[in-house]
Amino acid sequence: MLPLSLLNAAQGLPLMLELKSRETINGYMLACDTFMNLTLRDVVCTSADGKEFKKMDEMFVRGTGIRYVRVPENLLDQIVDERAVKREERRRKAGQ
Amino acid sequence: MAKTKLSDLINRPIRVFLSDNSEVSGELLAFDGYMNLVIADAQEVSRTRKGVEQTRTLGLIVLRGERVLSTTPAGPAQDRQGRLQTNLDSSVAL
């Protein structure tokens, strides 16, 4: 499981990311690409000092500006489950 | 034998030093060629110029590799519940 495929699996889920400027962005991820560019919806931006908040419907974040992305804790378990289901399906198809 | 590759540190607690004088510690789950890291139970320690440390709990994160300076192992392997894992090396030693 590569870092970018983990991010890919987080589509539609709420994320929190911190930029190099220390601003944080909360929102639901719509899509991401191999540059770590992200599009988010229902976004709240928080300034570096935590005093100012900006609300936006949709936002594009350039990957180069990101420090880290926080993903939901249960995402890993979800991926493991999904993989198990897929494996089971494949096995059933192969058996037919 | 000394563990020298990043792949040897997978599922182990590590400390990552970043170029802005901060560090992130947690369990390394995955990495790629950009040195993007997936870290579980991540804690960020940032230092101000006066040497004051500030710790923040981040949880499961994807850390962008651009600012990673170095990584170092930070203890024996543990599973996600925090229990010590008896790996092959230690069972041979016993």
Side-chain angles (χ1 to χ4, degrees), chain A residues 1-40 46-51 60-83, chain B residues 5-7 9-49 52-71 77-82:
Chain A
M1 191 76 201
L2 293 168
L4 288 175
S5 40
L6 179 71
L7 216 52
N8 224 348
Q11 274 177 26
L13 300 176
L15 297 182
M16 189 272 230
L17 48 111
E18 189 173 302
L19 304 181
K20 286 174 185 165
S21 58
R22 293 276 181 183
E23 285 171 279
T24 56
I25 295 167
N26 286 274
Y28 290 82
M29 203 232 289
L30 291 172
C32 68
D33 64 14
T34 53
F35 300 109
M36 218 188 263
N37 298 328
L38 307 172
T39 47
L40 304 161
T46 310
S47 63
D49 55 12
K51 285 175 184 162
F60 173 86
V61 185
R62 198 167 140 87
T64 56
I66 296 172
R67 264 167 71 84
Y68 62 76
V69 184
R70 284 180 73 174
V71 294
E73 292 283 335
N74 56 4
L75 180 59
L76 279 177
D77 303 328
Q78 218 171 296
I79 291 167
V80 171
D81 291 347
E82 274 169 25
R83 281 189 178 178
Chain B
K5 294 196 293 264
L6 197 53
S7 54
L9 300 181
I10 273 191
N11 292 328
R12 284 167 181 271
I14 61 161
R15 276 167 81 190
V16 184
F17 296 93
L18 306 180
S19 61
D20 59 352
N21 240 336
S22 65
E23 71 184 65
V24 175
S25 55
E27 185 189 343
L28 178 68
L29 296 186
F31 67 93
D32 64 15
Y34 302 105
M35 234 198 242
N36 294 327
L37 310 173
V38 179
I39 298 176
D41 305 318
Q43 294 245 347
E44 184 194 31
V45 181
S46 46
R47 291 188 195 84
T48 58
R49 254 176 244 161
V52 186
E53 287 196 0
Q54 211 181 0
T55 311
R56 286 203 301 167
T57 304
L58 302 177
L60 180 62
I61 62 165
V62 179
L63 185 67
R64 195 171 161 89
E66 215 176 327
R67 299 224 155 180
V68 173
L69 287 180
S70 63
T71 62
Q78 294 187 332
D79 65 17
R80 294 297 306 278
Q81 275 75 46

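Letters go in sequence order (proteins before strands), and every chain restarts at 1.
The local environment of CZ in Arg22(A) is crowded, with over 12 non-hydrogen atoms from other residues, nucleotides or ligands closer than 6.0 Å.
The part of Ser22(B) that comes within reach of chain A is its side chain, from C-beta onward, which places non-hydrogen atoms under 4.5 angstrom from that chain. Leu6(A) touches chain B through its side chain: at least one heavy atom from C-beta onward sits under 4.5 Å away, while N, CA, C and O do not. When heavy atoms are compared at a cutoff of 4.5 Å, Leu18(B) approaches chain A solely by way of its side chain, counted from C-beta outward.
Side chain of Arg67(A) to backbone of Arg67(B): no donor-acceptor contact under 3.5 angstrom is found.
Leu60(B) and Pro72(A) get closest at one heavy-atom pair: CD2-O, 3.6 Å. Here the shortest heavy-atom pairing between Arg64(B) and Phe35(A) reads NH1-O, 3.4 Å. Contact record, Pro3(A) with Val38(B): CA-CG2, 3.5 Å, taken as the closest heavy-atom pair. Across Leu4(A) and Tyr34(B), no two heavy atoms sit closer than the pair CD1-CE1, 4.4 Å.
Glu44(B) has no carboxylate O lying under 4.0 Å from a charged side-chain N of Arg70(A), or vice versa, which leaves the two without a salt bridge.
Using a 4.5 Å cut-off on side-chain heavy atoms (C-beta onward), Leu58(B) and Glu18(A) make no contact.
Ranked by heavy-atom pairs under 4.5 Å with chain B, the first of Leu75(A), Thr64(A), Leu15(A) is Thr64(A).
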